Asker: 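A single structure is presented below for examination.
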Amino acid sequence: MPTIADNLAAVRARIQAAAARAGRNPGDIQLIAVSKTVPPEIVREAIAEGVTAFGESRIQAAKAKIPQLPGKLQWHFIGHLQTNKARDAVELFHTIQSVDSVRLARELDKCAGQAGRTVPVLLECNVSGESTKFGFKPDEVVAALTELNALPRLEIHGLMTMAPFFENPQDARPAFRALRELRDRLQEQHGIPLPALSMGMTNDFEIAIEEGATLVRIGTAIFHPTSGE
Ligand SMILES: *Cc1c(COP(=O)(O)O)cnc(C)c1O
C-alpha cells in the first residue's frame with residue numbers, strides 16, 4: 001500500500017508538471033492538504049513530509065483535531081460556515097476560504113475585532129450555477145465587494161470555487177476559467193489586488209492549475225488514494 005509520503009510525492013510531481021505545462025512557477029501554487037475525516041496521527045505523517053497547510057470543513061471536528069497538532073501550521077477553513085460558528089472559526093483558523101455571504105463576512109469581521117486579529121479570507125463563488133452549491137453568484141460578489149472590502153478586520157485575498165464533479169476533469173475547465181475571469185473583472189472594477197484563486201481538488205487540480213489556481217485543495221489523492229478510483 002502506498003504511504004502518505006508516496007502519495008504526496010506523486011501529488012507534488014503532478015502539480016509541478018501541470019505548472020510546467022502552463023508555463024507557471026510551481027512555487028506560486030500552494031498545496032492545501034484537506035485533512036477532513038483524517039485522524040491526527042495520519043495528519044502527522046503529512047507534516048513529517050513538509051506539508052504546512054491543511055484544510056478542514058467542519059468546526060466541531062477541527063476543534064478536536066487542531067489542538068492535537070501544534071506547530072507552525074496554517075489551517076484553512078473550507079466548508080460552509082454558519083454565522084453562529086464564526087467565533088470558533090476565527091479562533092481556530094488562519095484563513096477562511098469559504099466566505100459565502102455578506103452576513104457571514106460581517107460576523108467574521110466582528111469576531112476578528114474582538115479577538116484582536118485580522119483574518120485572511122477568500123470569497124467563495126458559485127460560478128457553475130449549481131443550485132446545491134454555496135457561494136456568491138457572480139453578480140452578487142460584484143455588488144458586494146465594496147462593502148466587503150471595507151470590513152476592517154478581513155483581508156480579502158481572492159476567490160474560491162468548487163467545480164461540479166465530472167468524469168472527465170477537462171469538463172471542469174469552464175468553471176475555473178469563469179472564476180479567473182470574475183477575479184480579473186473585480187480587480188479591474190475595484191482596483192484592489194485579488195491574487196488568490198483557490199480551485200482544484202483531487203479530480204481536477206491539474207486543470208485548475210492550467211487555469212491559474214494559486215491554491216489547490218487536495219484530500220483524497222493524499223489520504224485515501226484508492227477510494228474513488
Ligand atoms: C473535501 C474537499 C476538498 C478535497 O476534495 P478531494 O476530492 O478529496 O481532493 C476540497 N475542497 C473542499 C471545499 C472540500 O470540501
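All values derive from a computational prediction rather than experimental measurement.
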Asker: Are Val216 and Met199 side-chain neighbours, meaning at least one heavy-atom pair lies under 4.5 Å?
Answerer: no

Asker: Test of understanding: clusters of I, L, V, M, F, W, Y form through side-chain heavy atoms closer than 4.5 Å, transitively. Do Leu73 and Phe223 belong to the same one?
Answerer: yes

Asker: Keeping to residues at least two apart or across chains, list the ring-ring contact (aromatic ring centres under 6.0 Å, His included) pairs with something in residues 136-163.
Answerer: none

Asker: So Leu31 and Ile218, do their side chains get closer than 4.5 Å, heavy atoms only?
Answerer: yes

Asker: Could you tell me the separation between the CG atom of Asp100 and the NZ atom of Lys137, rounded to the nearest 0.5 Å?
Answerer: 11.0 Å

Asker: For Ser98 and Leu104, work out which heavy atoms get closest and say how close.
Answerer: O-CD2, 4.0 Å

Asker: Between Ser198 and Gln97, is a side-chain hydrogen bond (donor to acceptor under 3.5 Å, both in side chains) present by the stated rule, with each step listed?
Answerer: CA-CA 8 Å; Ser198 175; Gln97 293 203 3; 2.7 Å; yes

Asker: Working to the nearest 0.5 Å, report the span between CG of Leu81 and CG of Asn84.
Answerer: 8.5 Å

Asker: So, His80 versus Gln82: side-chain donor-acceptor pair below 3.5 Å or not?
Answerer: no

Asker: Evaluate side chain to side chain contact (heavy atoms under 4.5 Å, CB included) for Arg183 paired with Leu197, printing each intermediate quantity in order.
Answerer: CA-CA 8 Å; Arg183 185 277 306 272; Leu197 285 177; 3.7 Å; yes

Asker: Quick one: OG1 on Thr95 to CD on Glu155, what's the gap to the nearest 0.5 Å?
Answerer: 9.0 Å

Asker: Could you go through Gln30 and Gln74, starting from their C-alpha distance and side-chain angles, then the distance that decides it, and tell me whether this counts as side chain to side chain contact (heavy atoms under 4.5 Å, CB included)?
Answerer: CA-CA 11 Å; Gln30 188 184 13; Gln74 247 187 36; 3.4 Å; yes

Asker: If you apply the rule salt bridge (Lys or Arg N to Asp or Glu O under 4.0 Å), what do you find for Glu130 with Lys133, and how did you get there?
Answerer: CA-CA 6 Å; Glu130 277 184 300; Lys133 289 242 156 70; 2.4 Å; yes

Asker: Give the ring-plane orientation class for Phe93 versus Phe77, where under 30° counts as parallel, over 60° as perpendicular and anything between as tilted.
Answerer: perpendicular

Asker: Is any NZ, NE, NH1 or NH2 atom of the basic residue among Glu210 and Arg173 found under 4.0 Å from an Asp or Glu carboxylate oxygen of the other?
Answerer: yes

Asker: Taking all non-hydrogen atoms of both residues, which atom of Thr202 and which atom of Thr220 are closest, and how far apart?
Answerer: OG1-N, 3.3 Å

Asker: Between Leu182 and Leu159, is there a side-chain heavy-atom distance shorter than 4.5 Å?
Answerer: yes

Asker: Do Arg87 and Gln114 pass the side chain to side chain contact (heavy atoms under 4.5 Å, CB included) test, and can you show the C-alpha distance, the side-chain angles, and the key distance before you say yes or no?
Answerer: CA-CA 9 Å; Arg87 185 173 313 282; Gln114 288 163 351; 2.6 Å; yes

Asker: First locate atom CE of Met162, then atom OG of Ser128, and finally report the distance between them rounded to the nearest 0.5 Å.
Answerer: 10.0 Å

Asker: Any side-chain heavy atom of Glu206 sitting closer than 4.5 Å to one from Pro169?
Answerer: no

Asker: Only counting residues at least two apart or in another chain, list the ones meeting ring pair (Phe, Tyr, Trp, His ring centres under 6.0 Å) with Phe205.
Answerer: none

Asker: Where do Leu215 and His76 land on the side chain to side chain contact (heavy atoms under 4.5 Å, CB included) test, with the steps shown first?
Answerer: CA-CA 11 Å; Leu215 301 118; His76 289 230; 4.0 Å; yes

Asker: Hey, are the side chains of Gln189 and Val142 touching, using non-hydrogen atoms and a 4.5 Å cut-off?
Answerer: yes

Asker: Just to verify, which of Leu123, Asn149, Leu145 counts as forming a side-chain contact (heavy atoms from CB on, under 4.5 Å) with Leu186?
Answerer: Leu145

Asker: Let me have the donor-acceptor pairs involving side chains of residues 42-57, under 3.5 Å, with sequence neighbours excluded, atom names and distances please.
Answerer:
| unit_1 | atom_1 | unit_2 | atom_2 | d |
| --- | --- | --- | --- | --- |
| Arg44 | NH2 | Gln68 | O | 2.9 |
| Glu56 | OE2 | Ser35 | OG | 2.6 |
| Glu56 | OE2 | Lys65 | NZ | 2.8 |

Asker: Which pair of non-hydrogen atoms, one from Pro152 and one from Thr118, has the smallest distance, and what is that distance?
Answerer: O-CG2, 4.3 Å

